[in-house]
Amino acid sequence: MKNIFRTIVLCLVGLVLMTTMATVPAAASIYESGNELTENYFTVTNAAGSTITLSVPTTDDITTNEFTLVIGGVNLGTITLPDMPKESHDFVTLSVADLAARVPGINTAIGTYEVPVELIDASGDNKLADGSTITIVVEEAVPSKNVPTAQHLIDDVDFEDEVSPEDQVEIEITLKTDEGEIYEDVTIEAWIADADGDRLSSKVKTNEFNLGKLTDDDEKTKVLTVTIPEDADEGTYYLNVRVEGEEDNRKGLLSIVSELDANGFDNELAVERNDHSVKILYLNYDSNVAAGETADFALGLLNNGREDQAVKVRMSVAGLDISQTSGSINVQVDEFAPAYFSIAVPAGAESGEYTVKVNVYNEEVDFTKTYTLEVEGAGATVTPTANGLAIGADATSKQVSAAGGVYLITLTNNDASAKTYTMDVTGASTWADYSINPATVTVAPGTSEIVSVYLSPNKDASGTQTFTVNVKDGATVVDSIGLTAQVSANDGPTVTSYITTALQWLVAALIVVAIVLGIAWAFKRESNKE
């Protein structure tokens with residue numbers, strides 16, 4: 001009986017492993033091709049025990065996390081990058097002494113060493129920009145008497161320590177030197193990071209300036225402005241300041257201040273979100289348009305507050321007597337929501353620059369951003385769109401996969417009364433199934449509504465396909481828009497995959513039958529023995 005149960009267990013384990021292996025998803029990856037290293041300049045003061053950390057920009061364009069690291073032409077082995085996306089990622093920490101032992105061109109002696117660096121994927125492609133290098137400056141293990149420390153140069157740091165997303169933080173840094181000391185080509189760099197050192201903001205840097213011939217009562221103050229990202233998370237962050245320059249014709253790192261409280265200053269700042277906050281993340285539009293034509297606007301809203309919001313967007317163009325208001329747009333916390341506008345520029349509009357005002361508002365939120373629209377004056381009479389309708393799309397051409405694609409059609413009613421339109425599609429039935437939501441829509445005067453057109457390509461559809469979305473007032477087509485789909489080859493289940501799946505199920509069924517027969521045979525044998 002023990003042998004029977006051992007056999008049953010082994011069979012079941014094998015069956016589970018077969019099923020698991022068939023369903024493990026491929027890992028996502030987030031590393032961007034063709035970008036230089038985020039950090040490529042390092043200073044170390046004790047080469048025997050110092051390390052450097054490399055960072056690389058990240059995105060979601062690459063399909064692997066495994067790379068070969070090559071520095072100075074030397075293969076340093078395979079590294080695995082994590083899946084969590086950030087603006088940049090510190091992907092490997094290297095010992096300077098180990099690099100010096102393995103890579104020609106790097107030494108632990110005092111000096112400057114520059115070597116090429118590559119990240120090679122499985123296909124042999126370098127994912128960093130051509131010519132990417134790292135520069136390592138090795139200094140004395142103990143700074144000389146004339147090399148200033150952070151405490152020596154930075155006399156005061158003043159900044160706002162309670163901020164919100166999208167705020168601009170002014171950092172006032174006051175430097176002092178001992179009498180008679182002179183430093184040339186000095187720069188100050190500042191940024192904000194979290195407790196792990198991951199940057200919240202971009203780095204900002206002063207131009208080079210000279211610092212010296214100051215008495216005990218003299219000082220030099222510089223102001224840098226750092227912007228808090230619109231989507232910043234709440235929490236505690238830390239101000240970082242780095243001062244760099246030349247003294248006695250010797251280039252070196254004068255000061256790295258990662259914790260300002262080491263100098264008697266508190267470098268903490270708190271990012272706190274407002275309860276109600278919606279920001280314009282982008283506004284994409286063609287800034288040049290001819291009189292009589294339609295200008296399409298694609299707007300992105302980001303909720304960087306603490307509560308979900310329902311807002312409206314009003315777009316107006318001063319001097320053209322144009323004003324449109326969207327319906328209610330729901331934007332959840334940390335989520336993005338699009339809005340689309342199409343405005344018909346009057347045929348008689350004069351050439352010039354016009355101000356476009358975009359107002360986002362509800363009972364708690366109310367802000368306006370302005371943009372510029374360049375209009376080329378009328379050269380010929382243009383017939384206004386029938387029924388005062390303007391039609392646009394988020395894109396007239398899209399890549400559509402086998403899983404399908406969505407086109408967002410914006411209907412704008414420039415008439416003085418509400419209009420009800422019905423939608424249909426022509427030219428798609430031979431290569432795709434489609435649906436329209438809503439198929440009938442009422443547009444109030446001076447407002448816009450969005451209609452979604454969903455396409456699901458047939459299995460044999462591929463290449464460039466065209467179709468038309470028609471807008472009808474009753475039985476009359478009042479406007480239409482031509483669209484293009486670049487259909488990817490259908491990667492869905494093939495005959496071979498169906499056969500493979502069937503065989504897998506057949507094998508599983510045979511295993512189950514074998515187990516049942518084995519159990520029956522075993523029990524029969526035990527009965528005969530008795």
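Each residue takes its place number in the sequence, starting with 1.
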- Verdict with supporting geometry, Leu69 and Ile71, side chain to side chain contact (heavy atoms under 4.5 Å, CB included): CA-CA 7 Å; Leu69 177 63; Ile71 296 181; 4.2 Å; yes
- Note on the structure: Taking every heavy atom of Ala349 against every heavy atom of Val375, the minimum-distance pair comes out as CB-CG1, 4.2 Å
- What residues form a side-chain hydrogen bond (donor to acceptor under 3.5 Å, both in side chains) with Asp296, not counting sequence neighbours? Ser342
- How far apart are the C-alpha atoms of Glu307 and His276, what are their side-chain angles, what is the distance that settles it, and do they pass the side chain to side chain contact (heavy atoms under 4.5 Å, CB included) test? CA-CA 6 Å; Glu307 298 181 7; His276 311 280; 3.0 Å; yes
- Note on the structure: Across all chains, not counting sequence neighbours, the side-chain contact (heavy atoms from CB on, under 4.5 Å) partners of Thr466 are Thr484
- Query: Closest heavy-atom contact between Val345 and Ala290?
  - Reply: CB-O, 4.2 Å
- Would you say Asn240's side chain and Tyr238's backbone share a donor-acceptor pair under 3.5 angstrom? yes
- Message: Just verifying a value: how many Å separate Glu160 CD and Ile228 CD1, rounded to the nearest 0.5 Å?
- Response: 10.5 Å
- Query: Within a reach of under 6.0 Å around CG of Asp275, are more than 12 heavy atoms found that belong to other residues, nucleotides or ligands?
  - Reply: yes
- Message: Could you tell me if the side chain of Leu411 sits less than 4.5 Å from the side chain of Val451, heavy atoms only?
- Response: yes
- Query: Going by distance alone, is a donor N or O of one side chain under 3.5 Å from an acceptor N or O of the other, for Glu376 and Ser351?
  - Reply: no
- How are the rings of Tyr407 and Phe467 set relative to one another: parallel (under 30°), tilted (30 to 60°) or perpendicular (over 60°)? perpendicular
- With the side chain counted from C-beta on, respond yes when Ser480 and Val469 share a heavy-atom pair under 4.5 Å apart, and no when they do not. no
- Message: Would you compute the distance between atom OG of Ser201 and atom CD of Gln168 and round it to the nearest 0.5 angstrom?
- Response: 12.0 Å
- Taking the side chain as every heavy atom from C-beta outward, state whether Trp191 and Val204 have any pair of such atoms under 4.5 Å apart. no
- Message: For a side chain to side chain donor-acceptor pair (under 3.5 Å) check, start with the C-alpha distance between Thr442 and Thr420, then their side-chain angles and the critical distance, and finish with the verdict.
- Response: CA-CA 4 Å; Thr442 298; Thr420 298; 3.0 Å; yes
- Here the gap from Ile329 atom CD1 to Ile450 atom CD1, rounded to the nearest 0.5 Å, amounts to 7.0 Å
- Nearest 0.5 Å, what's the CD1-NZ distance between Ile280 and Lys369? 5.5 Å
- List the steps and the verdict of side chain to side chain donor-acceptor pair (under 3.5 Å) for Asn359 and Asp366. CA-CA 7 Å; Asn359 177 222; Asp366 190 353; 2.9 Å; yes
- Would you check if the side chain of Thr206 reaches a backbone N or O of Ile188 as a donor-acceptor pair within less than 3.5 Å? yes
- Item | Flag, side chain of Arg306 to backbone of Arg273, donor-acceptor distance under 3.5 Å | yes
- Looking at CD of Glu166 and CD of Glu230, how far apart are the two atoms once the value is rounded to the nearest 0.5 Å? 4.5 Å
- Aromatic contact, Phe336 with Tyr282 (centres under 6.0 Å): yes
- Task: Report yes or no: is the cationic atom of Lys357 (NZ for Lys, CZ for Arg) under 6.0 Å from the centre of the six-membered ring of Tyr371, at an angle within 45° of the ring normal?
- Result: no
- Spell out, as yes or no, whether a donor-acceptor pair under 3.5 Å connects the side chain of Asp167 to the backbone of Val169. no
- Of all heavy-atom pairs linking Val226 and Ser202, the shortest is CG1-O, 4.4 Å
- Message: side chain to side chain donor-acceptor pair (under 3.5 Å), that's the test. Do Glu353 and Thr372 meet it? Break it down for me.
- Response: CA-CA 6 Å; Glu353 287 188 352; Thr372 299; 4.9 Å; no
- Keeping the roles fixed (side chain from Asn458, backbone from Ala461), state whether a donor-acceptor pair exists under 3.5 Å. no
- Where the side chain of Asn437 meets the backbone of Ser452, is there a donor-acceptor pair that is under 3.5 Å apart? no
- Donor-acceptor contact present, side-chain Lys279 to main-chain Pro165, <3.5 Å: no
- Query: Any chance the rings of Phe341 and Phe297 have centres within less than 6.0 Å?
  - Reply: no
- Does any non-hydrogen side-chain atom of Val289 lie less than 4.5 Å from one of Leu373? yes
- Met423 vs Ile436 side-chain heavy atoms within contact, under 4.5 Å: yes
- Message: Under a 3.5 Å distance rule, please check whether Ser164 uses its side chain to pair with a backbone N or O of Glu272 as donor and acceptor.
- Response: yes
- Under 3.5 Å: donor-acceptor pair, side chain of Ser277, backbone of Asn274: no
- Task: Taking the six-membered ring of Phe209 (Phe, Tyr or Trp), confirm whether the NZ or CZ of Lys222 is under 6.0 Å from its centre and within 45° of its axis.
- Result: yes
- Message: Whether the side chain of Asp194 engages the backbone of Asp196 through a donor-acceptor N/O pair (distance < 3.5 Å, no angle test) should be reported.
- Response: yes
- Task: Start with the C-alpha distance between Tyr361 and Lys312, add both sets of side-chain angles, then the distance that settles side chain to side chain contact (heavy atoms under 4.5 Å, CB included), and finish with yes or no.
- Result: CA-CA 6 Å; Tyr361 66 95; Lys312 290 186 176 182; 3.8 Å; yes
- Message: Can you confirm whether more than 12 heavy atoms, excluding those of Glu268, are under 6.0 Å from its CD atom?
- Response: yes
- Message: side chain to side chain donor-acceptor pair (under 3.5 Å), that's the test. Do Asn304 and Asp231 meet it? Break it down for me.
- Response: CA-CA 6 Å; Asn304 60 351; Asp231 58 350; over 6 Å; no
- Task: For the residue pair Glu118 and Ser132, establish whether any side-chain heavy-atom pair is separated by less than 4.5 Å.
- Result: no
- Message: Distance alone, cut at 3.5 Å: any donor-acceptor contact between the side chains of Thr422 and Thr440?
- Response: no
- Message: Pairing donors with acceptors under 3.5 angstrom, does anything connect the side chains of Ser287 and Glu374?
- Response: no
- Among side-chain atoms of Glu208 and Thr187, is any donor-acceptor pair under 3.5 angstrom? no
- Message: Using side-chain heavy atoms (C-beta onward) and a distance below 4.5 Å, is Thr221 in contact with Ile173?
- Response: no
- Item | Within 6.0 Å of CG in Asn288, more than 12 heavy atoms from elsewhere | yes
- Query: For Val311 and Asn330, what are the C-alpha separation, side-chain angles and deciding distance, and is it a side chain to side chain contact (heavy atoms under 4.5 Å, CB included)?
  - Reply: CA-CA 7 Å; Val311 298; Asn330 294 318; over 6 Å; no
- Item | salt_bridge(Arg242, Glu189) N-O dist < 4.0 Å | yes
- Task: Supply the atom-to-atom distance Leu299 CG to Met315 CE, rounded to the nearest 0.5 angstrom.
- Result: 6.5 Å
- Side-chain contact, heavy-atom cut-off 4.5 Å: Phe159 with Val157? yes
- Message: Run the salt bridge (charged side-chain N to carboxylate O under 4.0 Å, His left out) test on Asp473 and Lys419 for me, step by step, so that the C-alpha distance in whole Å, both residues' side-chain angles and the decisive distance to 0.1 Å come before the verdict.
- Response: CA-CA 8 Å; Asp473 185 353; Lys419 298 292 182 180; 5.2 Å; no
- Item | For the student: nearest non-hydrogen atoms of Leu200 and Ala232, plus distance | CD1-CB, 3.8 Å
- Should we say atom NZ of Lys398 is surrounded by more than 12 heavy atoms from elsewhere, each under 6.0 Å from it? yes
